[in-house]
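Let me begin by presenting the structure, written as structure tokens, before commenting on it.
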Amino acid sequence: MQDRTEMNREEPEQTYGFTVVPGSGQDSSALQEKLRAMPGVTGAEVSELQGRVWIQAHGLARTVLEQAIAQSGYEVTGCTDESGRD
């Protein structure tokens, strides 16, 4: 499995921007901590005011990240690959 680990390191970092609608009683800081704890995630920012979640990750599929957000009680209404975002 060493080859797979090396391959993941060589993959470029992806930045995804999700548009979300929080469910009632959801805590944005809890979602942010959950995302940051995922292997491969190098950064996460949640803005309930903007209805946005930004995630920087290596080797993680968008669908995996979307499922993690949905499991936290947020409805994902859209996603963009924002690799060029500063």
Side-chain angles (χ1 to χ4, degrees):
M1 284 290 148
Q2 186 176 18
D3 291 333
R4 183 177 177 93
T5 303
E6 289 174 9
M7 186 172 64
N8 284 345
R9 282 189 216 142
E10 293 175 7
E11 290 180 15
E13 181 173 80
Q14 293 288 115
T15 301
Y16 297 101
F18 294 91
T19 52
V20 297
V21 177
S24 61
Q26 298 307 315
D27 181 3
S28 63
S29 61
L31 173 59
Q32 187 168 297
E33 290 304 313
K34 175 181 180 172
L35 293 170
R36 288 180 177 174
M38 292 176 67
V41 172
T42 58
E45 181 182 335
V46 179
S47 173
E48 285 188 7
L49 292 176
Q50 295 178 358
R52 300 282 289 174
V53 176
W54 291 278
I55 303 171
Q56 297 86 34
H58 285 281
L60 283 175
R62 178 192 59 81
T63 54
V64 171
L65 299 170
E66 188 173 332
Q67 286 176 352
I69 295 168
Q71 289 172 354
S72 295
Y74 287 75
E75 178 186 353
V76 178
T77 59
C79 174
T80 58
D81 175 354
E82 299 185 358
S83 295
R85 180 178 179 263
D86 290 331

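All residue numbers in this chain count up from 1 along the given sequence. No hydrogens, no waters, no symmetry mates; every other heavy atom, side chains included, goes into these values.
Listed here is the closest heavy atom pair of C79 and Y16: SG-CD2, 4.0 Å. Nearest heavy-atom pair across L31 and A68 is CD1-O, 4.4 Å. Smallest separation of non-hydrogen atoms from Y74 and D27: OH-C, 3.6 Å.
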Margin query: For a side-chain contact (heavy atoms from CB on, under 4.5 Å) check, start with the C-alpha distance between R62 and D81, then their side-chain angles and the critical distance, and finish with the verdict.
Written below: CA-CA 9 Å; R62 178 192 59 81; D81 175 354; over 6 Å; no
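Judged purely by atom type and a 3.5 angstrom limit, E48 uses its side chain to pair as donor or acceptor with the backbone of S28.
The only option from Q14, H58, E13 that meets the side chain to side chain donor-acceptor pair (under 3.5 Å) definition with T42 turns out to be E13.
T19 has its side chain within reach of R52: a pair of non-hydrogen atoms, C-beta onward, lies under 4.5 Å apart. Counting heavy atoms from C-beta outward, I55 and I69 have side chains that approach closer than 4.5 Å. Taking the side chain as every heavy atom from C-beta outward, V20 and V46 never approach each other to under 4.5 Å. Looking at V53 and L35, their side chains come closer than 4.5 Å, going by heavy atoms from C-beta outward.
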